[in-house]
Amino acid sequence: MDGNRRLNFKSKLDLVASSRFDGYRSAFLELVHPQSSWHVCDPIGDLLGPADIDAGLWQPLRQSLSGLERRDDVFIAGVFDDCEWLAATGHYFGIFSADWLGIPASGRWARLRFSEVYRLQDDRVCEAFVMFDMIDFMRQAGVDPWRQAAGIETLVPGPLTRDGVRLLPSPDRETKQTMDLLGSMLGSLFEPSKQAMGMERFWTSDMMWYGPATIGATRGLDGFFRDHQDPWMKAFPDWRDALEAPCFGDGPYACYAGWPSIRATHRGPLLGLPPTGRTVEIRVMDFWRRGGTSLAENWVLIDMPNLFRQLGVDLFAHLADTALPGNGRRAATA
Amino acid sequence: MSFKDIKDVARAFQKDLDTARDADIEAAIARHTTSDFLWRGMHPFYEQKGAKAVADVFWRPFRAAVGPIQRREDVFIAGDNDVGKRGGQWICSMGHLMGLFDKPWLGIPPSGKLVFLRYCEFYCIEDGRIVENAMFCDILGIMQQVGLHPLPPQTGAFILTPGPKTHDGLIYGEAAPAEGEKTMELVNRMARELTSSDMGSPQDELLGTWHRDMLWFGPAGIGATYTTERYNVQHQGPFSRHLDDIVFHGHVARVAEGNFAAWFGWPNLTMKSGGGFLGLPASERVGEMRVVDVYRREGDKLAENWIFIDILHFLSCLGVNLLERMQQFPRT
């Protein structure tokens, strides 16, 4: 995708998520295809057509996060399955001034971490996958629904190299190198043992893995295995392969929108939950940065509320049980 | 033996045990118990027999981590076991064991500060010796006191649990039997009415046997609630909505004296998780709930209720071991 079109899409996305300008309505209609279908994480769900997408996603978000601002850490374009795609990960910033999805407003700055992948048609978004880190957002509002994470739950940084917003096309050989490396890494990730995986062949030794709240961020392959990969494999021992899903690269960056990414059976303790024996589908969105010949950074969001709901735990209902006014968990509003 | 006599046995046992040095703990226990007395403990201690096992598994590691011990007792009563087929003379002692938390306990990192271990003990005494002892204590409460959050947010409040409002729970002499009989009759009626299905709304159900401004001091993980209305919102409702196939298995001991009554079961209840209680997923596994209730009667209704539940055991039945998880991931 050439630079002009990249800039054009980026401007429209910025306008849709900006409360500083009046251009929301026109930018939104220019961005969203009339037959657009958007798949949004729990509890929002699937939205079909501009009216639903406006009412189900953007209006509530714009009303709850006043002074809304979109901050892309990675913004890339590519081709998958003969279609043009865009993808971005970063944060929405704003003042959390009105309750959103039952999460009580804090009256203070809040950031909403996102990963988004867009399929384009007729120069508009005709399909979108939008995932937020809902639990990170709840935590900022003072209603953390989960236990202490094994990793570190914090504001996740953008790429070390500060070149994640790709407004110019990347050289094809750079993209190919990234996709070849990613393919080899994913091909080995599902080996039965850590030794067989040989992850040190594909990652820098001090790689950063920026997981979602409930798992947290880890540094280095040791941290990744200890805090995420080992317990995850024990929780889902029959997890054998990533499902076919949109995946493309752009220079040293690549993304994957697994909606779902895996199907697996919950057979071991998961983040403090006992095993249920239930078969679940897990939505995962990944962004990677390659540094030289190794992968160096990985931004990962998992639709945790959706996963927990499949196991019979409704975090938004539990929020209602515990965040009643008067029991001290509602943060002060401005 | 008179109730006064068995109380003297229990108090002598507590005094010896609480002041014993590490090397003397087993002997202190042995002085007041039969050689194969049955001790019932929380997960991960479970059932033990005899002074040595009880000292090795529970008291010595706990006392090495937390000390010097102050037993801050809030309720102390005795009675003939109302559970007819089991019988026996029993004592219930409830309160906190307080001390400085200076060494790790069960993998919980020490704070160097004082902690209150909520406890409720039952002693069955025969011929001047303890033949059975149940030791309920709130391990999750210690985890919370040092800043760990092994469970999702509580529906109730996390507080240091107070003793009876009336400050009259320590009956070291003997209360008039008629008062204890009234209390026993009331708690038994309350339990019958709560489990019968032809009652009206939860509020009507509760107000027949409870004062409107009742206190429900639940275990860490659930928390404490105040008033029947908020008890229903913050515990009774979630409990009945999110747990299925609840079966009552009776009590091991049930005693009342004066305005107080206490019971425990092993387990009192079994159930399945329907998803949502304690943030748990739905499960086909059967969980056991070992529960203590201590009640205070005021007039013809109940005013306060202290509850202990072996939540770690319940969770282990469902397949998750929070103490192991804490060891694997520090701070969790």
Side-chain angles (χ1 to χ4, degrees), chain A residues 104 135 138-139 141-153 214-216 218 223 225-228 230-231 234-235 266-278 280 304-305 307-330, chain B residues 140 143-144 147-159 221-227 229-230 233-239 241-244 272-285 287 312 314-326 328-332:
Chain A
I135 295 174
M138 289 181 187
R139 196 165 53 82
V143 288
D144 188 348
W146 211 249
R147 304 144 179 85
Q148 180 81 49
I152 304 297
E153 295 172 296
T214 69
I215 301 173
T218 69
F225 275 100
R226 183 192 62 225
D227 295 339
H228 174 61
D230 286 342
K234 281 183 191 141
H266 177 211
R267 297 218 180 280
L270 170 72
L271 303 166
L273 291 184
T276 59
R278 292 196 183 185
V280 293
M304 288 297 183
L307 169 58
F308 294 146
R309 194 160 53 82
Q310 295 177 63
L311 301 177
V313 182
D314 185 338
L315 290 189
F316 288 86
H318 194 70
L319 189 66
D321 278 349
T322 55
L324 288 167
N327 81 347
R329 288 195 58 80
R330 172 172 282 256
Chain B
L140 284 165
M143 294 169 80
Q144 291 190 355
L148 302 178
H149 298 283
L151 289 170
Q154 300 187 160
T155 48
F158 178 59
I159 53 168
I222 299 173
T225 72
Y226 177 44
T227 73
E229 178 264 333
R230 214 50 67 85
V233 173
Q234 294 174 351
H235 177 64
Q236 193 188 32
F239 191 93
R241 272 201 307 281
H242 301 317
L243 294 172
D244 303 326
K272 288 180 181 172
S273 167
F277 178 66
L278 296 173
L280 286 169
S283 173
E284 280 307 304
R285 300 195 195 191
L312 292 175
F314 174 68
L315 293 174
S316 80
C317 295
L318 297 185
V320 69
N321 185 326
L322 289 189
L323 293 173
E324 270 176 18
R325 175 174 152 81
M326 179 184 60
Q328 196 180 355
F329 303 113
R331 301 172 292 100
T332 61

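All heavy atoms count here, side chains included; hydrogens, waters and symmetry mates do not. Not measured: the values here are computed from a predicted model. Every chain is numbered from 1 and lettered A, B, ... according to where its sequence line falls, protein lines coming before strand lines.
- Chosen from A:Asp314, A:Thr276, A:Leu270, the residue pairing most often with chain B at heavy-atom distances under 4.5 Å is A:Thr276.
- Judged as a salt bridge (Lys or Arg N to Asp or Glu O under 4.0 Å), and not counting sequence neighbours, the contacts of B:Glu284 are B:Lys272.
- Remark: B:Phe239 CZ is packed, more than 12 non-hydrogen atoms of other residues, nucleotides or ligands lying under 6.0 Å away.
- Heavy-atom minimum distance, A:Pro275 versus B:Gly319: CD-O, 3.1 Å.
- Not counting sequence neighbours, the partners of A:Asp230 by the salt bridge (Lys or Arg N to Asp or Glu O under 4.0 Å) test are A:Lys194.
- Highest contact tally toward chain B, considering only A:Val313, A:Asp227, A:Leu315, is held by A:Val313 [criterion: heavy-atom pairs under 4.5 Å].
- In this structure, no portion of B:Leu148 lies under 4.5 Å from any heavy atom of chain A.
- Closest heavy-atom contact between B:Ala282 and A:Arg278: CB-NH2, 2.8 Å.
- In plain terms, the two heavy atoms of B:Leu318 and A:Pro274 that are nearest each other are O-CB, 3.1 Å.
- Taking B:Leu315, B:Asn321, B:Leu280 one by one and counting their heavy-atom pairs under 4.5 Å with chain A, the maximum is reached by B:Leu280.
- Heavy-atom distances place the side chain of B:Leu322, and not its backbone, under 4.5 Å from chain A.
- Residue A:Ala150 touches chain B through both its backbone and its side chain, counting heavy-atom pairs closer than 4.5 Å.
- Heavy-atom pairs under 4.5 Å with chain A peak, among B:Gln328, B:Arg325, B:His149, at B:Arg325.
- Rounding to the nearest 0.5 angstrom, the gap separating the CZ atom in B:Phe329 from the CD atom in A:Gln148 is 12.0 Å.
- Summarising the geometry of B:Pro153 relative to A:His318, their closest heavy-atom pair is O-NE2, 3.2 Å, with the distance given to 0.1 Å.
- With A:Arg147 contributing its side chain and B:Leu151 its backbone, the two residues share no donor-acceptor pair below 3.5 Å.
- Residues B:Pro152 and A:Pro145 come closest through the heavy atom pair CB-O, 3.3 Å.
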